[in-house]
Amino acid sequence: MPSSVLPSRDTTKSMPSFRPTQAFTSCLGEASRTTIVALVTITLVLLPGENVLPSPWLGSVLALSALKMTLGDTILATSSLFVPLVPVSIVGYGASLILDSLDTVLYSILLPFVVIAGTLFIMLCPWPFLTSKNLMLVVFYLMIASPLSLRTEDRSALQQQEEIPEWFLASFLGTVTTGFCVALGMHCILFMTPISTSATRSSSHLMSQMSYQTFNLLNGVSLYTNNLGRDTQAVMKARGLIEFYITRRKETLEALTSSLPAILAESPIINLWSFFSNRTERCCVDTVEEFVQCAEKQQHHAGMIHIASTNLFLGEEYTLNNDIVKDLKTKISRHLGNAVEQLALEFRRTEQIYFFTIPGHCESSVDALQSSLGNYLFAMRNAIRDADALTTNLESNVNLSARSLTGPTIRSRVIFHAVYCLVHELIDVMVEEKEESVHSAAAKSTSMQLKANLKMPWLHNDIVKRRTAFKTAFAMCLASLWVSIPDLREEIAYPNGIWVGITVAVVSLDSTGASYVKCVDRLWGTLIAAAYALLISKLLPYDITFVRIVSYSVFTFVATLLKDPQRPYLNQCAVNSVASILFGSVYNQVVVHEYVTQRIMLIFIGVATFLLVELALLPRSSRAIVQSCALKFFDDLQCFLIDAGEACESISTFQCQECQVPDRIKEDPLFMLRQGHEDMSSFTSGLADGLSKLKEIVTQSNNELLPCIAEPSLGLHIKLHSIGYEQLFYEQEKFISQLELLIICVNSLFRYYSFLPGNSPVRALHWPSLLAAIIHQVSQQLQICINSMKLVFPNGLCEPGSSSVSNIIVAISGFRKFEAVRLSILTKSIADRYADDFNMLIASGNEINYPPGFRMTLALALSSVLTIAQSLQVCGLHLEEIVRAFPLEKIDFDGN
């Protein structure tokens with residue numbers, strides 16, 4: 001084809017223009033702040049000379065450790081580092097003076113024992129102010145081991161020091177204080193500019209963002225209800241919006257919750273500055289806390305909206321084209337569509353008035369929101385009345401209509417309850433009486449706090465903490481031999497034998513996987529820093545202070561900009577190592593390549609020493625923890641379901657304590673589910689304990705997953721299927737909200753039966769017995785699955801070896817039967833009981849007077865059990881995906 005036929009393209013116009021994202025801008029700002037802090041700290045410490053303020057790189061290291069994204073976080077980090085650092089430094093300095101007064105032989109003998117005692121004390125101490133235990137251990141070891149590491153019999157050595165200066169402690173604290181002050185000063189200066197980094201400013205943006213997301217979530221529900229039974233495409237769009245904004249709202253809530261301590265820490269500075277500068281920006285901690293507490297409760301209800309609006313119960317998809325179902329959905333849409341839309345608008349307006357403007361004119365907005373909520377409740381009552389009328393009018397086909405309407409009826413009640421409670425949380429916040437301020441109530445005198453800290457039990461009873469403490473103490477003892485043994489100290493490690501112990505103190509963590517990751521990051525960070533320092537020494541006159549400062553600043557900027565949020569220690573170690581090499585080599589009067597060689601060697605020795613202790617002597621495999629938690633969760637869940645079923649069985653026999661429905665329930669039919677259930681919590685205390693165990697397992701699984709993935713297998717274990725475990729633990733985490741809802745419903749049913757007369761028609765339907773039966777049905781199937789898994793995983797770990805892969809797949813396939821269980825529950829147990837309800841109504845001709853909110857409680861309880869069964873089925877699919885990554889067993893052919 002001739003070229004003239006082809007249209008010419010202007011490639012310059014097709015090139016997309018570069019637009020920095022918010023994430024890139026944030027990383028650039030963080031890198032700039034980090035570089036400035038490092039530059040200023042090094043400069044200030046070097047000005048008076050290293051005889052006055054020693055170890056300038058140490059001041060920079062601590063400054064960067066304290067520097068966080070916001071002013072409040074930096075204040076918290078500074079206090080958590082400086083407060084314990086002072087007493088640890090004093091104790092370490094005092095011990096070093098005593099040891100330094102001894103001769104070298106006695107000093108060398110006592111040092112390992114002092115290191116063991118100090119390590120055990122720091123690692124097992126429960127005092128809340130003793131945080132950053134690894135850093136405190138570094139400081140302690142630096143104090144007690146430095147004098148001996150500088151002793152030598154070689155008179156020709158460049159450095160010889162038999163005692164540390166008398167002013168060393170004050171100089172050291174001066175260097176540290178300088179770094180902390182620079183880190184705080186950076187954020188304080190930025191606070192006076194339009195690019196303020198205060199947590200208060202970011203919290204206002206997060207609050208506005210969450211308010212916008214909540215409003216759009218309610219708009220999605222409005223779109224869903226307006227088109228239910230009318231426009232399937234619009235309903236699908238609404239489901240997508242609901243799922244999207246619930247997920248985004250959860251992320252925003254997590255960010256806002258994590259910023260609360262920072263807001264509280266920086267509030268005095270911000271309020272003081274606002275007072276003197278006449279600025280309107282002030283920090284109202286109570287408002288932010290109130291907003292977060294309200295948002296956390298609303299998020300629970302948002303999760304219920306997500307489950308009820310985006311998931312169909314099994315078998316319900318076959319009734320979507322049923323005319324009865326369509327008629328029901330159309331009636332619900334006609335009643336609720338406009339009510340939800342008006343409720344969303346009123347909620348948005350009221351929330352803006354209360355949280356984002358000056359309070360004072362909130363009474364009218366509360367009344368308007370309560371009126372909209374009342375209209376919404378009235379619309380739901382009419383929708384339920386029409387649904388009952390629709391079923392009872394079809395006398396010839398009551399059973400079929402009951403089965404067809406079971407799923408949509410339950411889901412519509414769940415959505416209604418979730419939206420109602422989500423909006424009512426805002427009303428509760430606005431009308432409740434202000435209690436005594438938490439801050440004033442929590443304020444205690446220093447002496448009382450000190451007494452409370454001294455009475456705290458030490459951590460030796462915690463098996464994990466005890467293992468970490470003894471593991472670290474033994475590794476530190478081995479590392480101190482590089483200072484205690486004269487040949488190692490003088491021939492190999494002089495004058496930096498303390499680097500081995502410092503490395504051990506830094507990389508020691510609770511689990512093997514997390515420690516291994518940190519060891520690898522420390523080695524790579526040291527190698528990268530060494531390569532950069534060698535390059536600078538070859539290209540530039542590094543003995544000039546200005547050159548070293550600029551080189552260090554440039555490296556700090558690049559390393560911070562390229563930092564991986566999942567593994568930040570690698571970049572931090574590289575920055576710290578560059579400072580130590582560039583400034584430490586000049587301070588010790590050693591050329592860079594010799595200094596670099598020794599540093600790499602000693603840090604490698606420290607890593608090897610710790611890994612030897614970790615892997616060979618006291619291993620705590622993250623892999624084993626993850627594989628154990630994956631199976632243990634189902635055992636504890638099965639125990640929970642057994643207890644829940646027994647609790648439900650006892651509800652029907654609960655004796656009447658009151659003769660009439662309380663007025664509070666008449667006024668607010670959903671009061672029982674929101675607050676009234678708390679009076680009956682003593683009947684389900686065992687369920688609460690079981691839920692706590694499940695939460696601990698979920699938390700432990702999520703914490704150990706990343707270290708588990710990075711943990712070396714050394715050919716002894718298979719590599720875990722990370723995606724399968726991530727999905728499994730995510731699905732297990734979804735159980736928590738459903739179990740919490742089930743506990744609330746059981747408590748509410750206890751309360752309802754406390755004022756139901758013995759001859760009430762509601763008791764004759766035996767709804768609690770039905771609930772207990774379906775819970776036991778799910779529990780029995782789960783027990784079958786657990787028994788099958790115990791046969792193929794006898795050691796309690798989800799790993800191959802004990803049985804063939806084929807047998808494992810067969811055992812796990814039992815989770816697929818939860819599909820049949822859910823179908824049986826929905827189409828037989830629940831639908832039959834609904835049909836009996838309607839048949840009784842038709843036969844008697846009188847309507848059964850349920851207590852207000854009773855059927856809503858039943859719908860929520862049934863929905864939670866069905867969702868639990870569905871999640872168990874999904875967990876089985878994830879387990880199958882994990883097992884598919886197991887190696888196939890060998891097959892021997894006999895040649896026949």
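Just so it is clear, the structure is predicted and the values come from calculations on it, not from any experiment. Numbering of residues begins at 1 and proceeds along the displayed sequence.
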key: Main-chain N/O of Ala574 paired to Ser577 side chain as donor or acceptor, under 3.5 Å   = no

inquiry  = Could you measure the distance from the CE atom of Met789 to the CG atom of Asp635? Nearest 0.5 Å is fine.
reply    = 7.0 Å

remark   = Nearest heavy-atom contact between Cys875 and Glu731 is SG-CG, 3.7 Å

query = Taking the six-membered ring of Trp499, is the NZ or CZ of Arg599 close enough (under 6.0 Å from the centre) and on axis enough (within 45°)?
reply = yes

task = For residues 516-529, pull every pair meeting side chain to side chain donor-acceptor pair (under 3.5 Å), keeping only residues two or more places apart or in separate chains.
result = Thr503-Arg522, Asp521-Arg567, Arg522-Tyr569

inquiry  = For Asn807, is there any backbone N or O sitting under 3.5 Å from a side-chain donor or acceptor partner on Ser804?
reply    = yes

Audit row: Ser60, Tyr552, side chain to side chain donor-acceptor pair (under 3.5 Å) steps and yes/no = CA-CA 11 Å; Ser60 177; Tyr552 170 58; 2.5 Å; yes

ask   = Roughly how far, to the nearest 0.5 Å, is CG of Leu570 from CG of Asp564?
value = 8.5 Å

task = May I ask you to decide if the ring planes of Phe555 and Tyr532 are parallel, tilted or perpendicular, using 30° and 60° as cut-offs?
result = tilted

task = Enter the distance from Leu120:CG to Trp458:CH2 here, rounded to the nearest 0.5 Å.
result = 10.0 Å

Within residues 131-141 or reaching into it, pairs that qualify as side chain to side chain donor-acceptor pair (under 3.5 Å) - sequence neighbours excluded = none

remark   = Those residues at least two apart in sequence (or on a different chain) that pass side chain to side chain donor-acceptor pair (under 3.5 Å) with Thr560 are none

remark   = Closest heavy-atom pair, Ala66 versus Ala77, reported as atoms and distance to 0.1 Å, is O-CB, 3.5 Å

query = Can you find a pair of side-chain heavy atoms, one from Val592 and one from Ser585, that are under 4.5 Å apart?
reply = yes

task = Determine, step by step, whether Phe172 and Met143 satisfy the side chain to side chain contact (heavy atoms under 4.5 Å, CB included) criterion, reporting the C-alpha distance in whole Å, the side-chain angles of both residues, the deciding distance to 0.1 Å, and the verdict.
result = CA-CA 10 Å; Phe172 173 77; Met143 288 288 179; 3.4 Å; yes

message = If we count only N and O atoms by modelled type, under 3.5 Å, do the side chains of Ser484 and Ser108 hold a donor and an acceptor together?
response = no

remark   = Between Leu62 and Phe180, the two heavy atoms sitting closest are O-CE2, 3.4 Å

request  = Measure the spacing between SG of Cys785 and CG of Leu631 and express it to the nearest 0.5 Å.
outcome  = 12.0 Å

message = For Lys563 and Glu30: C-alpha separation, side-chain torsions, deciding distance, then whether salt bridge (Lys or Arg N to Asp or Glu O under 4.0 Å) applies.
response = CA-CA 10 Å; Lys563 180 175 64 177; Glu30 181 184 5; 2.7 Å; yes

ask   = Is there any side chain to side chain donor-acceptor pair (under 3.5 Å) pair reaching into residues 603-618, and which pairs are they, with sequence neighbours excluded?
value = Arg467-Glu614, Lys471-Glu614, Thr512-Glu614

inquiry  = Applying salt bridge (Lys or Arg N to Asp or Glu O under 4.0 Å) to Arg466 and Asp462, what does each step give before you reach the verdict?
reply    = CA-CA 6 Å; Arg466 183 173 68 244; Asp462 188 336; over 6 Å; no

ask   = Looking only at atom types and distance, does a side-chain atom of Asn571 sit under 3.5 Å from a main-chain N or O of Ala559, one as donor and one as acceptor?
value = yes

inquiry  = Are Ile144 and Phe140 packed together at the side-chain level, in the sense that at least one heavy-atom pair is separated by less than 4.5 angstrom?
reply    = yes

key: Heavy-atom side-chain contact between Phe470 and Met123 under 4.5 Å   = no

query = Where the side chain of Thr699 meets the backbone of Lys695, is there a donor-acceptor pair that is under 3.5 Å apart?
reply = yes

task = Working to the nearest 0.5 Å, report the span between OG1 of Thr41 and CD1 of Ile36.
result = 11.0 Å

request  = For Ile723, look at atom CD1 and say whether over 12 heavy atoms of other residues, nucleotides or ligands are found less than 6.0 Å away.
outcome  = no

ask   = For the atom pair CG (Leu130) and CG (Leu124), what is the distance rounded to the nearest 0.5 Å?
value = 11.0 Å

ask   = Under the ring pair (Phe, Tyr, Trp, His ring centres under 6.0 Å) rule, what pairs show up with a residue in residues 596-635, not counting sequence neighbours?
value = Phe633-Phe735, Phe634-Phe815

message = If we ignore hydrogens and angles and just use 3.5 Å, is the side chain of Ser480 paired with the main-chain N or O of Cys477 as donor and acceptor?
response = yes

task = Decide yes or no on side chain to side chain contact (heavy atoms under 4.5 Å, CB included) for Gln566 and Leu706, but give the supporting numbers first.
result = CA-CA 9 Å; Gln566 298 296 328; Leu706 287 179; 3.8 Å; yes

ask   = Which is it for Phe583 and Ile42 under the side chain to side chain contact (heavy atoms under 4.5 Å, CB included) test, yes or no, and what are the steps along the way?
value = CA-CA 10 Å; Phe583 295 95; Ile42 285 288; 3.6 Å; yes

query = Among all residues two or more places apart in sequence or in another chain, which pass the side chain to side chain donor-acceptor pair (under 3.5 Å) test with Glu594?
reply = none

request  = Might you point out which heavy atoms bring Glu726 and Leu705 nearest each other, and give the distance in Å?
outcome  = CG-CD2, 3.3 Å

query = Minimum heavy-atom separation for Arg548 to Leu582, with atom names?
reply = CD-O, 3.1 Å

request  = For residues Leu720 and Cys708, report the shortest heavy-atom separation together with the two atoms involved.
outcome  = CD1-SG, 2.7 Å

